[in-house]
Structure formats: structure tokens, C-alpha cells
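These notes concern the structure reproduced below.
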Amino acid sequence: MKILAIIPARGGSKGIKKKNIKKFAGKPLLAHAIKTAFCSKFINRVIVSTESEEIAKVARKYKAEVPFLRPMELAQDSSKVSDAIVHLLNNLKLSENYEPDYIVLLQTTSPMREVSDVDGAIEKLLDNKENADAILSVCRTEVLLFTLSDVGSLQLVSSEEFLKSSNRQELPKTYKCDGSMVYVIKTSIFLEKKTFLPPRTLGYVIPRWRAVDLDEPEDFIVGELIYKNRNKIKLKLKKFS
């Protein structure tokens with residue numbers, strides 16, 4: 001079975017300059033995603049999708065493939081990751097007659113992702129492949145979600161059903177896309193739907209203390225502190241179980 005890891009790494013990051021190759025815990029952020037992909041027992045090919053020669057050089061240093069650069073029109077702030085991946089898959093098909101059975105999307109901004117997260121998600125999807133086409137890692141979140149209006153007024157996004165009880169234990173559990181972000185999908189379904197969230201998508205739950213997504217400088221700073229102390233955190237959490 002051919003399982004391809006795709007790591008999108010655009011060069012034009014605005015929140016953190018050169019984020020994808022900025023040092024995180026001693027290595028370029030991109031390198032953490034590459035290492036995780038190579039350590040998976042299921043993934044047998046790792047490709048970085050980028051328009052940047054500088055990022056491509058770093059990716060190749062850590063043994064990932066960059067068979068060609070992404071066109072600039074697919075590397076803008078408004079560009080969709082799905083469009084870049086369709087471009088990559090089409091070019092691999094044309095140039096190598098290569099088409100993976102599954103693709104695994106690993107965002108560089110999720111350095112707290114562990115190999116067990118990736119392999120656990122892939123294994124769960126393979127075990128349920130007759131009834132599911134994709135899987136997405138998620139984490140627990142708060143049951144009441146709000147937006148803020150222009151004048152700062154709270155507006156409830158969650159269903160009003162959640163207001164019927166103040167007892168958290170009585171409310172249904174809710175989940176969100178997490179910072180570990182593991183997406184796995186059948187290639188044929190992705191090319192048909194052009195999305196990583198087709199109707200038959202499973203959820204794979206990740207502990208929310210590791211749900212770190214590096215978008216802003218404060219995310220980077222806090223994320224690095226958590227990463228460097230992750231083993232201590234795990235030991236302390238065991239005392240609560």
C-alpha cells in the first residue's frame with residue numbers, strides 16, 4: 001500500500017517571518033514534521049510542497065523529497081492547501097505514474113504531533129476503510145462557543161441546547177480541529193471532493209494539552225516551552241490518572 005505524507009510549507013508566512021524554517025527547539029520547524037513522517041510505520045514516501053527554494057533546500061537536508069516547486073499562484077495568502085495538493089498529485093501522476101492509495105497531510109505548525117498520533121489515525125482509518133474515507137485528529141473543547149460583534153457583544157455560536165444545563169457532565173462532549181492536525185484520506189476521494197473533510201470522516205482524539213498550533217509569535221514561544229517540557233508534563237499527568 002502506498003501512503004504518501006505531504007507537508008505543505010509556504011514561504012510567505014505573515015504572522016511569523018520564515019516560520020517554516022525558523023528554529024524550534026533547536027531544529028527548523030519543518031524538520032519536526034519530516035522526522036515524524038519518516039518514523040511512521042505506515043508512511044513510505046515524504047514530500048514537501050513549497051514554492052520556496054530556501055525551504056526546499058532545508059527539506060532536502062532532512063531527506064524529504066521536493067520533486068518540483070509549487071507555482072506562485074498556489075502560494076499566496078488566499079491560496080488553498082487543497083489546490084496545491086491537487087497540483088502535486090497531478091504532477092506525480094504525469095511525471096512518475098505514481099498515485100498513492102492514501103495521503104497524509106502534516107502541517108508544519110503542529111510540532112507537538114507524535115508518531116503515535118499519525119500511526120494511530122492511519123491504523124484507525126485502515127481498520128474502518130469500508131465505512132470511512134478519511135480521518136481527522138481533534139481535541140476536546142469548551143461546550144459554549146461565542147463570537148464577538150464589532151462592539152464587543154458576545155454572540156452564542158453553540159446550539160442553545162447547551163444552555164439548558166449548567167452541569168458540564170450532563171452536556172455532550174464537543175471537539176475541534178486540533179494543533180496536532182493529522183489528516184488522512186483516500187487519494188481517490190480527495191481528488192473527487194477536493195477536501196480533507198468528506199462526508200465519511202472519522203475523528204481521532206488527541207490530548208488537548210498538545211493541541212498547539214503555531215500561528216502567532218506567542219504560540220511559538222509557548223509551544224516551544226511545552227515541547228521542551230513534554231516528558232515532565234506526561235509524568236505529572238500520570239499522577240492524576
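Given the structure is predicted, the values throughout are model-derived calculations rather than measurements.
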Is Lys2 close enough and on-axis enough to Tyr102, meaning under 6.0 Å and within 45°, for cation-pi? no
Give the minimum heavy-atom separation between Met72 and Gln76, together with the two atoms involved. O-NE2, 2.6 Å
Given side chains that start at C-beta, do those of Val86 and Lys194 come closer than 4.5 Å, heavy atoms only? yes
Arg200 and Lys186: CA distance, side-chain angles, deciding distance, side-chain contact (heavy atoms from CB on, under 4.5 Å) verdict: CA-CA 11 Å; Arg200 303 199 310 168; Lys186 294 176 182 176; 4.2 Å; yes
If only atom types and distance count, is the side chain of Ser153 paired as donor or acceptor with the main-chain N or O of Ser149 below 3.5 Å? no
Arg140 side chain vs Lys176 backbone, donor-acceptor pair below 3.5 Å: no
From Cys139 atom SG to Met181 atom CE, the distance as rounded to the nearest 0.5 Å: 9.5 Å
Are more than 12 heavy atoms from other residues, nucleotides or ligands located less than 6.0 Å from atom CD of Glu53? no
Heavy-atom count around Lys27 NZ within 6.0 Å, excluding the residue itself: above 12? yes
Could you tell me whether the side chain of Val138 reaches within less than 4.5 Å of the side chain of Tyr204, counting heavy atoms only? no
Run Arg70 and Ser49 through side chain to side chain donor-acceptor pair (under 3.5 Å) and show every step you take. CA-CA 6 Å; Arg70 186 195 305 186; Ser49 169; 3.1 Å; yes
Donor-acceptor under 3.5 Å (Thr201 side chain, Pro198 main chain): yes
Asp119 backbone acceptor or donor facing Ser40 side chain under 3.5 Å: no
Main chain of Glu216, side chain of Asp219: is a donor-acceptor contact present, judged purely on distance under 3.5 Å? yes
Could you tell me if the side chain of Val66 sits less than 4.5 Å from the side chain of Thr50, heavy atoms only? yes
Looking only at atom types and distance, does a side-chain atom of Asn44 sit under 3.5 Å from a main-chain N or O of Met1, one as donor and one as acceptor? yes
Could you tell me whether the side chain of Lys63 and the main chain of Arg60 form a donor-acceptor pair under 3.5 Å? no
Under 3.5 Å, side chain of Arg45 to main-chain N/O of Leu4, donor-acceptor pair present? no
Val104 side chain near Ile122 side chain, heavy-atom distance below 4.5 Å: yes
Under 3.5 Å, side chain of Ser79 to main-chain N/O of Glu73, donor-acceptor pair present? yes
Hey, are the side chains of Tyr183 and Ser137 touching, using non-hydrogen atoms and a 4.5 Å cut-off? no
Answer yes or no: is there a side-chain heavy-atom contact under 4.5 Å between Pro111 and Leu214? yes
Nearest heavy-atom pair of Ile43 and Ala37: which atoms, and what distance? CB-O, 3.7 Å
Approximate separation, where rounding is to 0.5 Å, of Lys57 NZ and Tyr62 OH: 12.5 Å
Smallest separation among heavy atoms of Asp215 and Ile16, with atom names: O-CG1, 3.9 Å
Applying a strict under-4.5 Å side-chain criterion to I, L, V, M, F, W and Y, I'd like to know whether Leu237 and Ile226 cluster together. yes
Shortest non-hydrogen separation from Pro8 to Thr108 and the atoms involved: O-CG2, 3.7 Å
Between CD of Glu99 and CG of Leu92, what distance do you get to the nearest 0.5 Å? 10.0 Å
When you look at Leu29 and Lys19, which way does the side-chain contact (heavy atoms from CB on, under 4.5 Å) test go after all the steps? CA-CA 7 Å; Leu29 187 59; Lys19 175 172 61 180; 3.8 Å; yes
Got a salt bridge between Arg230 and Glu114, using NZ or NE/NH1/NH2 to carboxylate O under 4.0 Å? no
Same cluster or not: Leu202 versus Ile3, using hydrophobic residues (I, L, V, M, F, W, Y) connected whenever any side-chain heavy atoms lie under 4.5 Å apart? yes
Going from CG on Leu145 to CG on Leu154, what distance comes out if it is rounded to the nearest 0.5 angstrom? 11.5 Å
hydrophobic_cluster_shared for Leu88 and Phe196, side chain cutoff 4.5 Å: yes
Check Lys193 with Asp133, please: is the shortest side-chain N to carboxylate O separation under 4.0 Å? no
Does Asp117 come within less than 4.0 Å of Arg210, counting only side-chain N to carboxylate O? yes
Can you tell me how far the CG atom of Leu105 sits from the CG atom of Leu136, to the nearest 0.5 Å? 10.0 Å
Any link between Ile47 and Leu191 through a network of hydrophobic side chains (Ile, Leu, Val, Met, Phe, Trp, Tyr) touching at under 4.5 Å? yes
Side chain of Glu51, backbone of Gly11: donor and acceptor closer than 3.5 Å? yes
So Ser110 and Val212, do their side chains get closer than 4.5 Å, heavy atoms only? no
Look at the rings of Phe220 and Phe24 and say which category their plane angle falls in: under 30° parallel, 30 to 60° tilted, over 60° perpendicular. perpendicular
Run Lys18 and Ile55 through side-chain contact (heavy atoms from CB on, under 4.5 Å) and show every step you take. CA-CA 9 Å; Lys18 293 188 176 182; Ile55 291 176; over 6 Å; no
Cluster question for you: counting only ILVMFWY and a side-chain heavy-atom cut-off of under 4.5 Å, with indirect links fine, are Phe42 and Ile135 together? yes
State, to 0.1 Å, how close Leu69 and Ser52 come at their nearest heavy-atom pair, and which atoms those are. CD2-O, 4.1 Å
Answer whether the closest heavy-atom distance between the side chains of Lys23 and Pro28 falls below 4.5 Å. yes
Residue pair His87 / Asp83, side-chain donor-acceptor N/O under 3.5 Å: no
Does NZ or CZ of Arg208 lie under 6.0 Å from the centre of the six-membered ring of Tyr175, at an angle within 45° of the ring axis? no
What is the distance from atom NZ of Lys35 to atom CG of Leu30, rounded to the nearest 0.5 Å? 14.0 Å
Show, in sequence, the C-alpha distance, side-chain angles and deciding distance for Ile6 and Leu106, and conclude whether the side-chain contact (heavy atoms from CB on, under 4.5 Å) test is met. CA-CA 6 Å; Ile6 300 176; Leu106 302 177; over 6 Å; no
